[in-house]
Amino acid sequence: MGETWRWALAGYLAAVDLAAFLTFGADKRRAKRPGARRVPERTLFTLALLGGSLGALLGMHVFRHKTRHWYFRLFLPLILLAQIAAGVVLWLYFRGGL
């Protein structure tokens with residue numbers, strides 16, 4: 001994988017992590033206002049699945065949002081672990097280790 005692809009991937013992951021983090025914050029802010037339109041939980045999970053699992057976890061803990069929902073406490077760390085495992089496998093593959 002060339003240098004350009006590494007920077008593109010790093011930029012993509014940074015952007016999606018930031019989007020997930022900020023979305024958790026925005027939803028927490030909206031949760032405090034009666035009648036405010038909330039961010040669907042599906043959107044929060046989608047951002048995590050698209051590579052923003054670290055930002056989603058950080059947002060969950062920094063904003064103390066969705067921490068009582070067992071499925072967020074269980075699945076966000078599992079998504080992060082799966083993404084780390086996939087990254088390691090891809091890294092090994094492109095390094096010729098697999």
>> Around atom CZ of Arg38, are there more than 12 heavy atoms from other residues, nucleotides or ligands closer than 6.0 Å?
In response: yes

> Could you give the distance from CG (Leu54) to CG (Leu13), rounded to the nearest 0.5 Å?
Replying inline: 9.5 Å

> Can you name the nearest heavy-atom pair linking Ser53 to Ile79, along with the distance?
Replying inline: CB-CG2, 3.8 Å

>> Return the CZ to CZ distance between Arg37 and Arg30, rounded to the nearest 0.5 Å.
In response: 8.0 Å

>> Surrounding CZ of Arg33 (heavy atoms of other residues, nucleotides or ligands, distance under 6.0 Å), is the total greater than 12?
In response: yes

>> Angle between ring planes, Phe24 versus His65, binned at 30° and 60°: parallel, tilted or perpendicular?
In response: perpendicular

> Transitively linked via ILVMFWY side-chain contacts under 4.5 Å: Leu81 with Val88?
Replying inline: no

> For the residue pair Phe45 and Phe72, does the interplanar ring angle fall in the parallel (under 30°), tilted (30 to 60°) or perpendicular (over 60°) class?
Replying inline: parallel

>> Can you give me the closest heavy-atom contact between Thr23 and Leu44, atom names plus distance?
In response: CG2-CD2, 3.6 Å

> Do Leu50 and Tyr12 come close enough that some side-chain heavy atom pair is under 4.5 Å?
Replying inline: yes

>> Please find the pair of heavy atoms, one from Ala48 and one from Ala56, that lie closest to each other, and give the distance.
In response: CB-CB, 4.2 Å

>> Within this structure, what is the CG-CG distance for the pair Leu76 and Leu57, rounded to the nearest 0.5 Å?
In response: 5.0 Å

> Which pair of non-hydrogen atoms, one from Ala20 and one from Gly52, has the smallest distance, and what is that distance?
Replying inline: CB-O, 3.4 Å

>> Which heavy atom of Lys66 sits nearest to which heavy atom of Met60, and what is that distance?
In response: O-SD, 4.0 Å

